[in-house]
Amino acid sequence: MQISNFVTSEAFIRWIVIACFVAYFIYKEWPEFKRRVSSGAKKELEDEGLEKRVEKLEERLDGVDEKLARDYGNLNELTLMVRGDRKRLDAEEEAREIIMKSLLAIIEALQAQGANGPTHAAKQELMDYLVKNSHKAET
């Protein structure tokens, strides 16, 4: 069994010519083929790395969003507390003003009935305090 019985010389030459063309084609095109394959693989790796970085950034942004939501909630609570404190302070200021006016009226009533001792000093101190605080309230 010889190969010459199965393959003619003409077919053998054709296969050698085809093999030479394939070898020449691979020789000429191999650098370009290799570059395309390696750049494709590199691109896939870059895309994969980019996806991982995007996922990490999204996780960090989720954490920031949660923290901001907590902080906004805390700020809203503080704002409500400050508003409540302002209302309470305004009410207390009104009450103090009424008490001061009442004290002044009591002192004047005592002076009208003839109590001259420490009522003059108390009235002067009360008047000085009211004048001083009225200037603070205007500014």
Side-chain angles (χ1 to χ4, degrees):
M1 234 186 180
Q2 289 185 346
I3 244 179
S4 60
N5 293 339
F6 296 108
V7 179
T8 63
S9 63
E10 196 175 295
F12 184 71
I13 290 174
R14 281 186 196 150
W15 277 106
I16 288 183
V17 169
I18 290 172
C20 288
F21 279 125
V22 168
Y24 180 74
F25 179 76
I26 289 174
Y27 173 75
K28 285 294 189 180
E29 293 297 320
W30 179 252
E32 180 65 22
F33 179 74
K34 186 178 176 183
R35 185 188 61 77
R36 285 182 187 171
V37 168
S38 66
S39 69
K42 193 182 290 184
K43 178 74 172 150
E44 286 178 15
L45 287 174
E46 287 173 357
D47 289 347
E48 191 175 297
L50 183 62
E51 288 175 7
K52 286 180 182 178
R53 284 185 280 179
V54 167
E55 287 174 6
K56 286 181 183 178
L57 285 174
E58 286 174 347
E59 289 173 4
R60 290 176 67 190
L61 285 176
D62 289 341
V64 169
D65 286 343
E66 290 172 9
K67 184 173 180 352
L68 282 175
R70 283 193 312 265
D71 290 347
Y72 283 135
N74 291 340
L75 284 174
N76 288 335
E77 287 179 27
L78 287 173
T79 301
L80 292 174
M81 287 174 53
V82 166
R83 285 181 185 159
D85 288 346
R86 282 186 185 150
K87 287 178 183 176
R88 192 175 66 243
L89 286 175
D90 289 344
E92 288 175 1
E93 189 175 325
E94 253 184 83
R96 269 196 309 267
E97 187 178 337
I98 291 171
I99 291 171
M100 292 295 169
K101 287 180 181 177
S102 300
L103 283 174
L104 189 58
I106 291 170
I107 290 173
E108 287 177 355
L110 284 172
Q111 284 179 346
Q113 288 186 359
N116 290 327
T119 58
H120 290 290
K123 181 179 179 182
Q124 189 58 45
E125 286 178 23
L126 189 56
M127 292 296 285
D128 290 343
Y129 176 78
L130 290 173
V131 168
K132 184 172 74 173
N133 282 341
S134 69
H135 291 297
K136 286 181 183 177
E138 289 175 5
T139 57

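We use all heavy atoms of the structure for the numbers below, so side chains are in, but hydrogens, waters and symmetry mates are not.
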Do the side chains of Val64 and Tyr72 join up, straight or via other hydrophobic residues, at under 4.5 Å, putting them in one cluster? yes
Only counting residues at least two apart or in another chain, list the ones meeting side-chain contact (heavy atoms from CB on, under 4.5 Å) with Arg70. Glu66, Lys67
Nearest-0.5 Å distance, CD1 of residue Ile98 to CG of residue Leu103: 12.0 Å
Determine, step by step, whether Leu89 and Glu92 satisfy the side-chain contact (heavy atoms from CB on, under 4.5 Å) criterion, reporting the C-alpha distance in whole Å, the side-chain angles of both residues, the deciding distance to 0.1 Å, and the verdict. CA-CA 5 Å; Leu89 286 175; Glu92 288 175 1; 3.8 Å; yes
To the nearest 0.5 angstrom, please state how far the CD atom of Gln124 sits from the CE atom of Met127. 7.5 Å
Inter-residue atom distance Lys123.NZ - Ile106.CD1, 0.5 Å rounding: 13.5 Å
For residues Leu75 and Leu68: do they belong to one hydrophobic cluster (side chain heavy atoms under 4.5 Å, members Ile, Leu, Val, Met, Phe, Trp, Tyr)? yes
Do the side chains of Lys87 and Asp90 get close enough for a salt bridge, i.e. N-O under 4.0 angstrom? no
Measure the CG-CG distance between Leu78 and Asp71 for me, rounded to the nearest 0.5 Å. 10.5 Å
Just how far is it from atom CD1 of Ile99 to atom CG of Leu104, taken to the nearest 0.5 Å? 13.5 Å
Could you give the distance from CG (Leu57) to CG (Asp62), rounded to the nearest 0.5 Å? 11.0 Å
Shortest non-hydrogen contact from Ile107 to Leu126? CD1-CD2, 4.2 Å
side-chain contact (heavy atoms from CB on, under 4.5 Å) with Tyr129: which residues, sequence neighbours excluded? Met100, Asn133
